Chemist: 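Structure below; questions to follow.
Only a predicted model underlies this, so the values are computations on that prediction, with no experimental measurement involved. Note on naming: letters A, B, ... go to the chains in the order of the sequence lines (proteins, then strands), and numbering restarts at 1 for each one. Computed over heavy atoms, backbone and side chain alike; hydrogens, waters and symmetry mates excluded.
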Protein chains: 2
Amino acid sequence: MRQSPKEPGMEAKDLKKAGLKATLPRLRILQILEESNQKHMSAEDVYKTLIEGDVDVGFATVYRVLTQFEAAGLVIRHHFDTGHSVFELNRGGHHDHMVCLKTGKVIEFKNAEIERLQNEIADKHGYVLEDHSLVLYVRPKDSKK
Amino acid sequence: MRQSPKEPGMEAKDLKKAGLKATLPRLRILQILEESNQKHMSAEDVYKTLIEGDVDVGFATVYRVLTQFEAAGLVIRHHFDTGHSVFELNRGGHHDHMVCLKTGKVIEFKNAEIERLQNEIADKHGYVLEDHSLVLYVRPKDSKK
DNA sequence: ATGCCTGCAAAGCTTTTGCAGATGC
DNA sequence: GCATCTGCAAAAGCTTTGCAGGCAT
């Protein structure tokens with residue numbers, strides 16, 4: 001079910017599939033999440049980008065749409081320790097995150113061994129791992145605290 | 001204010017050491033965190049316990065005290081995906097958490113290999129691991145989604 | 001046409017802050 | 001006594017919701 005990367009109607013289809021009408025705010029927000037330099041955006045980031053692009057969308061709509069996208073599996077909501085949620089387009093490949101305490105930069109990483117160990121731990125306690133959240137808070141090697 | 005059978009005055013000392021006066025609300029909150037069945041309590045949990053114990057402390061004070069305790073390293077604040085912070089007495093031994101999606105129960109666990117891998121990952125990216133947050137969201141083996 | 005969407009404003013929740021009076025040392 | 005601390009209420013920050021009009025299909 002993979003289509004060419006820059007297919008214009010592709011987003012609209014994804015929305016339909018999720019039972020959501022292909023409206024301007026939704027398409028724009030999807031586009032922003034897709035094209036932004038930062039892969040992880042807060043609702044405010046998205047809102048500001050919309051305004052800058054002369055699209056008059058309300059803050060409430062941004063939240064509503066992002067929440068609908070989350071429910072539809074189109075985006076993933078993260079709760080880093082920043083006081084607000086950040087949203088990331090769900091491109092399918094699971095990964096974890098590293099947040100730089102100096103710059104705020106978010107780095108993605110994957111580690112199969114950690115994934116495996118997590119399942120093992122849950123299992124050992126009589127549970128099934130449903131989801132997990134792993135965030136490393138880091139600092140550049142050459143920086144002082 | 002009753003004295004604990006175990007080590008009376010010890011908490012007060014800890015407070016002093018942190019530059020905090022040993023006041024009734026602080027001592028009580030410390031005691032609650034120490035003696036509660038649930039090791040992980042929200043500000044509201046602590047507040048309710050205080051009220052039940054006929055100690056008239058304001059909500060704001062609970063937050064203020066817990067925040068001070070966190071700054072002093074006496075407690076650790078966690079941000080599970082529950083919409084509010086939970087606090088845990090810092091007993092020294094680091095561990096991660098598993099949250100049961102069915103019962104809300106919090107289980108602690110330790111895994112040296114995961115810890116090691118985290119450091120390795122940060123290092124590989126040119127960073128030093130300062131802190132991390134790992135939460136497994138799990139479901140009992142025999143339960144349906 | 002009609003039912004889903006949106007913008008606005010207002011409310012909701014958790015957490016923080018200002019201030020006057022109270023308390024620990 | 002004096003600085004620190006507390007209670008109350010009010011505010012702040014993020015997010016959600018109610019409602020009346022607007023838009024996609």
Side-chain angles (χ1 to χ4, degrees), chain A residues 8-9 11-32 40-48 50-51 53-72 74-87, chain B residues 1 3 9 11-32 40-51 53-72 74-87:
Chain A
E11 298 85 358
K13 260 184 203 152
D14 284 343
L15 291 177
K16 300 272 178 56
K17 206 163 55 183
L20 299 172
K21 285 187 180 167
T23 63
L24 183 71
R26 284 174 181 159
L27 289 168
R28 281 299 218 166
I29 290 173
L30 211 44
Q31 187 188 15
I32 284 169
H40 304 80
M41 305 184 76
S42 67
E44 194 182 358
D45 292 336
V46 173
Y47 176 72
K48 280 186 184 158
L50 282 167
I51 298 304
D54 282 320
V55 182
D56 195 19
V57 173
F59 221 134
T61 300
V62 173
Y63 272 107
R64 236 174 334 216
V65 168
L66 287 173
T67 303
Q68 291 162 345
F69 283 4
E70 185 193 14
L74 294 172
V75 308
I76 297 170
R77 184 194 294 240
H78 296 288
H79 304 275
F80 300 154
D81 287 9
T82 51
H84 57 256
S85 304
V86 301
F87 299 85
Chain B
M1 50 201 107
Q3 300 225 5
E11 298 84 0
K13 258 184 203 154
D14 284 343
L15 291 177
K16 300 273 178 58
K17 205 163 57 181
L20 299 172
K21 285 185 182 169
T23 64
L24 181 72
R26 285 174 181 157
L27 289 169
R28 279 300 213 165
I29 290 173
L30 210 45
Q31 187 189 14
I32 285 169
H40 303 80
M41 305 183 78
S42 67
E44 195 182 358
D45 292 334
V46 173
Y47 176 70
K48 280 187 183 156
T49 307
L50 283 166
I51 298 306
D54 280 320
V55 183
D56 194 20
V57 173
F59 220 135
T61 299
V62 173
Y63 272 105
R64 238 175 332 217
V65 167
L66 287 173
T67 302
Q68 292 161 344
F69 283 4
E70 184 193 13
L74 294 174
V75 308
I76 297 171
R77 182 195 298 241
H78 297 289
H79 303 89
F80 301 154
D81 288 8
T82 49
H84 56 255
S85 304
V86 300
F87 300 84

Chemist: Nearest whole angstrom, please: distance from the P of D:dC14 to the CG of A:L66.
Modeler: 15 Å
Chemist: Nearest whole Å is fine: how far is C:dT14 P from B:Y47 OH?
Modeler: 14 Å
Chemist: So, for A:F87 and A:S42, which heavy atoms are closest and what is the spacing to 0.1 Å?
Modeler: CD1-C, 4.5 Å
Chemist: Scan nucleotides 15-25 of chain D nucleotide by nucleotide, 5' to 3', and note B when protein non-hydrogen atoms come under 4.0 Å of the base, S if they reach only the sugar-phosphate, - if neither.
Modeler: BBBB-----BS
Chemist: Using the C1' atoms of the five pairs at each end, what is the angle between the end axes of the helix from C:dA1-D:dT25 to C:dC25-D:dG1, to 10°?
Modeler: 30°
Chemist: CG of A:L20 versus C1' of C:dG3: gap in Å, rounded?
Modeler: 14 Å
Chemist: Give the intermediate values and the outcome of side chain to side chain contact (heavy atoms under 4.5 Å, CB included) for residues A:H40 and A:H78.
Modeler: CA-CA 9 Å; A:H40 304 80; A:H78 296 288; 4.1 Å; yes
Chemist: When the distance from CZ of A:R26 to P of C:dC4 is rounded to whole Å, what number comes out?
Modeler: 11 Å
Chemist: Please examine the side chains of A:Q68 and A:L20, heavy atoms only from C-beta on, and report whether any two atoms are closer than 4.5 Å.
Modeler: yes
Chemist: How close or far is atom P of C:dG24 from atom NZ of B:K13, stated in whole angstroms?
Modeler: 20 Å
Chemist: Whole-Å distance between C:dC13 C1' and B:H79 NE2?
Modeler: 15 Å
Chemist: CG of B:D45 versus P of C:dT14: gap in Å, rounded?
Modeler: 11 Å
Chemist: Between atom CG of B:L30 and atom CG of B:L66, what is the distance when rounded to the nearest 0.5 Å?
Modeler: 10.0 Å
Chemist: Tell me yes or no: between the side chains of B:T49 and B:R28, is some donor less than 3.5 Å from an acceptor?
Modeler: no
Chemist: Measure the spacing between CG of A:D56 and CG of A:L50 and express it to the nearest 0.5 Å.
Modeler: 9.5 Å
Chemist: Using a distance-only test with no angle check, is there a side-chain donor-acceptor pair under 3.5 angstrom linking A:T61 and A:R26?
Modeler: no
Chemist: Which distance, rounded to the nearest 0.5 Å, do you find between the CZ of A:F59 and the NZ of A:K48?
Modeler: 8.0 Å
Chemist: So which heavy atom on B:V57 is nearest to which on B:I51, and how close?
Modeler: O-CD1, 4.2 Å
Chemist: Just the rounded figure in Å: distance from P of C:dG7 to CZ of A:R28.
Modeler: 13 Å
